[in-house]
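Report on one structure; see the data block that follows.
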Amino acid sequence: MKRSNEAMVGVVILAALILVTFGTLWLQGVTLRADEREVTAAFNRVGLIKAGNAVKLRGVRIGRIREIQVAPQGDLVEVTMRIQEDISLPDDAVAIVSPESLFGDWQIEIASRDHFPEHRYANPREPDHLPGYSIPDISQLTATADRISADIEVLTERVGIAFSEETARNIASLIENVENVTQRLSDLISQQADAFSGVTEEIQVIAEEVGYAATGARQSFERINQTLAREEFSQALSDMTEVTASLRQITREMEGTPEDIRGMAVKADSTFARINSIMAGLEAGEGTLGRLLEDPTMAQEMEGTLQELQLLLSDIRENPRRYLRLSIF
Amino acid sequence: MAIQIRDLYKSFGEKEVLRGFSVEAREGETLVILGGSGSGKSVTLKHVVGLLTPDSGDVVVDGQVVSELTSNELFKLRRRVGYVFQFAALFDSLSVAENVGMGLRRHSDMSQDEIRDRVTECLEVVDLEGFEERFPAELSGGQKKRAGIARAIATRPQYLLYDEPTTGLDPVTRAMIDQLILRMSEELGVTGIVITHDIDSAFRVADRFAMLHEGRCRFVGSPEEIRSTEDPVVRGFIEGRPELMEKAQ
Amino acid sequence: MIRLLGAPFAALGRGSTTLAEGVGRWGMLTGQTIQALRHVDVWLRLLLPQMARVGVDSVPIALFIAMFTGIVLALQASYTFTGAIPLYFVGVLVGKTMMLELGPVLTGLALSGRVGANIAAELGTMRVTEQIDALETLAYPPVAYLVVPRVLAAIIMFPVVTALAIGMGIFAGWATSIQLLDMTSAEFINGLTLFFVPFDVTFAMIKATSFGFMVASIGCFFGFTTEGGAEGVGHSTTRAVVVSSMVILVLDAFWAVTLL
């Protein structure tokens, strides 16, 4: 009687211990296999990853994050990962932090630098550490868009101050680019509308709206072209300001109405496309316009944030369902 | 080696149970405390082993004031005192043998074999040999009471306190328990306090009587003295004549 | 008139003093319990049988409750999430709810009925039949003999039983999901692991430990303070269950506020 009591107590406690230990490890994604190795990557910032999150290669889980530490110098975040021993990484491997889904879980994707050359990777201190880059999340992008529109406004003002014939030519090519992008944008929107015609009427409505906007923009650009020919720069400038204003309004809408993400995504797409083209125009000016900026780093900064915006946009284009899902909440 | 109860006061809430009770049990004698139900006899007995602490007054056992002892000293004292509870208070979850051996296991360096021998011996004394493996629920009232006595005497105490040892038992068992009390006193020289309202039994075992009435000691004396006392309360009680007691009020 | 008006206040006052007195006496018993830990020789032998009673004997009822909770959670989650939310959220809901709330609390409540009542009834009976006095006269410290092993056993075994219950609840949720809800095992497990942090387990164990301590010590308290025969025992038992159930819910909220 007593002996079996002891045995039962032992069995029950042991069962609970095993359950808790292995259950926790399993849910964390820890495998007890010894054939794992550690890889460290350096980041400027790491988004929302935490220990235990997945590490993936080509979309397949190959390990997990073990530790996240700020380097003693304070300029880098070093993330230690444990991955399967037998998997070899690309020679020019980089680590990219990104959301795994929109529900708050993040991951590290290991990829070849060739595939994502556009990112600005952190420079690791140790040679065997992977350079890392963290994709910003959607709220950061909204803030960035706002900042960019403010920047463009500043830029436009400065353009007004120092307008010359040379810069006028640059603006002409910039406007050409804007037209191109607008066309691309409407194509894209009609594609999307086709793909999700069953899903939403809203998108079609918005596509029409954007179409209007594009037409309006083209008209105003044509006017700019004409006025430029007549060297009436002041008119061109006011058109420029108009574009900027609409950009700002869209940005405000993005912040104000998060429930309508579908519309937001489309509007954001067009807005970003416009910004893109303006920036492209900037580049085409070979720094002529860039020199107008008091702070030369501003252009670089804008370029970086623009890249981030483009990434989000391409992601929306590739995985629209991921973003559509948000509207459900 | 005696138990002195000195000017004991104890109340529970509004109810004053003891109001200056004093009595002494001298070494080797059996003192019977008489008193009606609810007169505070059990309360008195519980003070002797420190189960209750007095509001004022002392209980002195072996020259030690019980209420002033540390818990360790109290445990040491309790080893020398056996307590027979009114309803035996056997531990339901333990067998008779485990019940009887309980005190031995706690504070003696006896081996398992010695404990088993002592338990058998004590059970023989109370005529319960062969009941070792029974559980209290399987015993009759008289058997429980005897097992309780066996438990109280197992540690060979110098003092034995009996809380109504014969109440509710048949005459044969009562006689047997009276003989047991006498044997303890005569063979082992145990100092005993018996509280009871069973007059027949009281006269069989008592060396001396005390009567507890209204929280005080109403009478102390030998069996001869109590038989010849003129006190109407005492007479009324031992002769079972309530009208005498009422008259005295 | 004044007396009439004063009656509710007097009742309130009496109620609060009774409550304060009860809490104070429970605190004293807890203090004595901690002091009595030094009598290792007394309670150590009794710990294992108590662990068997508190823990092993409670496993079936705890698993039974957890199993049906897991099933119902999965079904209701899928009912709520119809169409709108991806089904793997059933896994999130079952896992999180079992670990953070229902596993510890339902086990605690079930065991407060089973263990708390049992302790209060047993000690109450021992009190009214003078068995606790008898222990003292045999030089056993009753708190060390009766309270310490029960409280320790509950502290050790509540988390154990809770862990098994959580495991059972999640297992039942998983089985329901793949059998009745057209989910794949991978989907459920994906949901289960999505927001899991090891602290969830720690949190459940902290809760279970505190519930164990409260249920056992409250049961012991009401058992020890029992007065008045069989009726008193019944009274103590009821109060032990009611009070410890309430304390479990209050503690539950307390931990949620302090630890989450």
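Numbered from 1 within each chain, the chains take letters A, B, ... in sequence-line order.
Looking at A/V20, only its side chain comes within 4.5 Å of chain C, counting heavy atoms on both sides. In this structure, chain C has a heavy atom under 4.5 Å from the side chain of A/L19, while its backbone stays farther away. Contact of C/V92 with chain A is not made at all, since no heavy-atom distance falls under 4.5 Å.
Here the side chains of C/D200 and C/K96 are in contact, with some heavy-atom distance below 4.5 Å. Looking at heavy atoms from C-beta onward, C/M99 lies in side-chain contact with A/L27 at the 4.5 angstrom threshold.
No salt bridge links A/E109 with A/R58; every basic N to acidic carboxylate O contact stays at or beyond 4.0 Å. Salt-bridge formation is detected for the pair A/E36/A/R64: a Lys NZ or Arg NE/NH1/NH2 atom is positioned less than 4.0 Å from an Asp or Glu carboxylate oxygen.
Comparing A/N53, A/V9, A/V11 by how many heavy-atom pairs each has under 4.5 Å with chain C, the most go to A/V9.
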